[in-house]
Enquirer: 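Handing you this structure, nothing more for now.
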Protein chains: 2
Amino acid sequence: MIAEPGLAEETASRLRNDIIGGALPPGFKLSETRLAADLGVSRNTLREVFRLLTREGLLRHEPNRGVFVAVPSMATIVDIYRVRRLIEVPALAHAWPRHDAVGQMRAAVEKARGARDAQDWRVVGSANMEFHAAIVALTDSARLQAFFAQIIAELRLAFGLLDSPERLHEPYIDRNGEILSLLTQGQQARAAEMLAAYLDESERVVLAAFARLG
Amino acid sequence: MIAEPGLAEETASRLRNDIIGGALPPGFKLSETRLAADLGVSRNTLREVFRLLTREGLLRHEPNRGVFVAVPSMATIVDIYRVRRLIEVPALAHAWPRHDAVGQMRAAVEKARGARDAQDWRVVGSANMEFHAAIVALTDSARLQAFFAQIIAELRLAFGLLDSPERLHEPYIDRNGEILSLLTQGQQARAAEMLAAYLDESERVVLAAFARLG
DNA sequence: TCAGTGCATATTGTTGAACAAAGCACGGCG
DNA sequence: CGCCGTGCTTTGTTCAACAATATGCACTGA
């Protein structure tokens, strides 16, 4: 077996993708022995992975009963959007229009547009998240960026429960473009305002979709 | 050996206190076998603990070389205060003056005053941090509170490097009281303003102390 | 003397097996 | 029909082992 640095991390990435991608549905129980065999790692290593992903909010650990894929609730959504508003809006409002991260924002917008043309809604979703991660990168805070990455992972898990990813992401692609435009023109205040309205609307849509699921 | 749920968490708490309390100085190398023996847990469990504390920013993990107590730098301080400003100020500005967490804020202020009278600067430091944690609790966001708890742990680690904890905390006890007063009187805007100035000044003091250490 | 080289040693990364303890399923019994 | 005990399964934790990597030290050659 190859002994590369961070087999646990690598396995965590793999499992993270399986969870966010929907291969492992929310509420699903992850058996240690079975999953360890499937992933080709030992039980001890898998437990380290479990701890990582539990800390990230993707798994739920019930003592002496096992680990389960987290089941996002409406409270989860509300909390996540609260955090997003609190972090993203000021980040944009105080941004320096020539910050490096603006390039990441532009790249994300272009990626999303390309994927929309190709009708690849999964990539659209990724690009959308990358756009928001880039907004947080405007703060130059490593800790904030790490935290936000977790928030994004949780949000994507919640999105996985919803159908019609098109309706979920398509309306925001061009709005991201407009926000980017405003920022590059030095109109941070208007950009932040637009983002705030955007987040409010997005939260409403997601909550409504959730409510339909019961 | 007792098999209670969360031996790893319990051990993590113990180790966290040792680190924040200064028993294990920044830069110190933590040998797996030795520390496992000292703490009375197995190497596997200790590795889980390492992962927890690494994620919290208290430890630094260098692949194939070992785990070390994190060494806070000026960049760490700057980043932490950036995060604090971004989170605490809006939290206070948008707070509901009759929120439950106001009680925690009051309790923290009183605890700090009592400890000041007893000249117990360590408790003053704790109470001070509890005050700020209470401010974040005003947001009602579980995720934000968890994140902030980490930030606080890191900051306390950095404080451990500095001497004269009196100068570090004493000037802020009464300011916390004033902020609390303003909030309960419904003057959130002025409270937030005061907190912002407070954070700026505190950052300057800490950075200056750091610079003296060289 | 001193820089470079190579080996012995210690430490980390990962695995597999073992065992106690807790939960769970199932069937017997009142 | 409900209650309970028994046995199976899974988790929580430890231990021992091995490969891979880093560290320290003696040795070499100028």
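Each chain gets a letter, A, B and so on, in the order the sequences are listed, and its residues count up from 1.
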Enquirer: Counting heavy atoms from C-beta on, name the nucleotide in D:dT21, D:dG12, C:dG16 closest to the side chain of A:Asn64.
Expert: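 Shortest atom-to-atom distance from the side chain points to D:dG12.
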Enquirer: CG of A:Leu46 versus C1' of C:dG16: gap in Å, rounded?
Expert: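 Rounded to whole Å, this separation is 15 Å.
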Enquirer: Below 4.0 angstrom from OP1 or OP2 of C:dT15, is there any side-chain N or O of A:Thr45?
Expert: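 Yes, such a contact exists.
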Enquirer: How long is the line joining CG of A:Leu7 and P of D:dA19, in whole Å?
Expert: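 Interatomic distance, CG of A:Leu7 to P of D:dA19: 17 Å.
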Enquirer: Is the shortest distance from a Lys or Arg side-chain nitrogen in A:Glu9 or A:Arg16 to a carboxylate oxygen in the other one below 4.0 Å?
Expert: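 A salt bridge is absent here (no side-chain N lies under 4.0 Å from a carboxylate O).
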Enquirer: With sequence neighbours left out, write down each residue that passes ring pair (Phe, Tyr, Trp, His ring centres under 6.0 Å) with A:Tyr172, or none if nothing qualifies.
Expert: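 If we apply the ring pair (Phe, Tyr, Trp, His ring centres under 6.0 Å) test to A:Tyr172, skipping adjacent residues, the hits are A:Tyr198.
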Enquirer: Mind running a 4.0 Å heavy-atom check of residues 26-33 of chain B against DNA chain C and sending the residues that fall below it, in number order?
Expert: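 Residues of residues 26-33 of chain B that come under 4.0 Å of DNA chain C are, in numerical order, B:Lys29, B:Leu30, B:Ser31, B:Glu32.
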Enquirer: Could I get the full list of side-chain hydrogen bond (donor to acceptor under 3.5 Å, both in side chains) partners for A:Arg113, not counting sequence neighbours?
Expert: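 Checked A:Arg113 against side-chain hydrogen bond (donor to acceptor under 3.5 Å, both in side chains); matches are A:Asp174.
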Enquirer: Applying salt bridge (charged side-chain N to carboxylate O under 4.0 Å, His left out), can you list everything that pairs with A:Arg167, at least two apart in sequence or on another chain?
Expert: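 Expected list: none.
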Enquirer: Quick one: list whatever passes side chain to side chain contact (heavy atoms under 4.5 Å, CB included) with B:Arg47, sequence neighbours left out.
Expert: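 Partners of B:Arg47 by the side chain to side chain contact (heavy atoms under 4.5 Å, CB included) criterion, ordered by chain and then number, come out as A:Glu48, B:Glu32.
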Enquirer: Please name all residues satisfying ring pair (Phe, Tyr, Trp, His ring centres under 6.0 Å) with B:Phe147, sequence neighbours left out, ordered by chain then number.
Expert: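 For B:Phe147 the ring pair (Phe, Tyr, Trp, His ring centres under 6.0 Å) partners, ignoring immediate neighbours, are A:Phe147.
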Enquirer: Going by side-chain hydrogen bond (donor to acceptor under 3.5 Å, both in side chains), name the pairs with one or both residues in residues 89-110 of chain B, residues two or more places apart or in two chains.
Expert: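 Of all non-adjacent pairs touching residues 89-110 of chain B, those that pass side-chain hydrogen bond (donor to acceptor under 3.5 Å, both in side chains) are B:His99-B:Asp140.
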Enquirer: Using salt bridge (charged side-chain N to carboxylate O under 4.0 Å, His left out) as the criterion, list what pairs up with A:Arg65, not counting sequence neighbours.
Expert: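 For A:Arg65 the salt bridge (charged side-chain N to carboxylate O under 4.0 Å, His left out) partners, ignoring immediate neighbours, are A:Glu62.
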Enquirer: Heavy-atom contacts under 4.0 Å between residues 47-56 of chain B and DNA chain C, which residues?
Expert: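 Contacting residues: B:Arg47.
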Enquirer: Counting Watson-Crick and G-U wobble pairs with both distances under 3.5 Å, what is the dot-bracket string for DNA chain D, 5' to 3', using [ ] for crossing pairs and | for pairs to another strand?
Expert: ||||||||||||||||||||||||||||||
Enquirer: What pairs with B:Gln150 under side-chain hydrogen bond (donor to acceptor under 3.5 Å, both in side chains), at least two apart in sequence or on another chain?
Expert: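 Checked B:Gln150 against side-chain hydrogen bond (donor to acceptor under 3.5 Å, both in side chains); zero matches.
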Enquirer: Rounded to the nearest Å, what distance is computed from the CZ atom of residue A:Arg34 to the P atom of nucleotide D:dT11?
Expert: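 Rounded to the whole Å, the gap is 11 Å.
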Enquirer: Looking at C:dG13, C:dT14, D:dT11, which one has an atom nearest to any side-chain atom of A:Arg43?
Expert: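 The answer is D:dT11.
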Enquirer: Taking side-chain hydrogen bond (donor to acceptor under 3.5 Å, both in side chains) as the definition, give me every residue that meets it alongside A:Ser73, ordered by chain and number, with sequence neighbours left out.
Expert: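 Per chain and number, A:Ser73 pairs via side-chain hydrogen bond (donor to acceptor under 3.5 Å, both in side chains) with A:Thr76.
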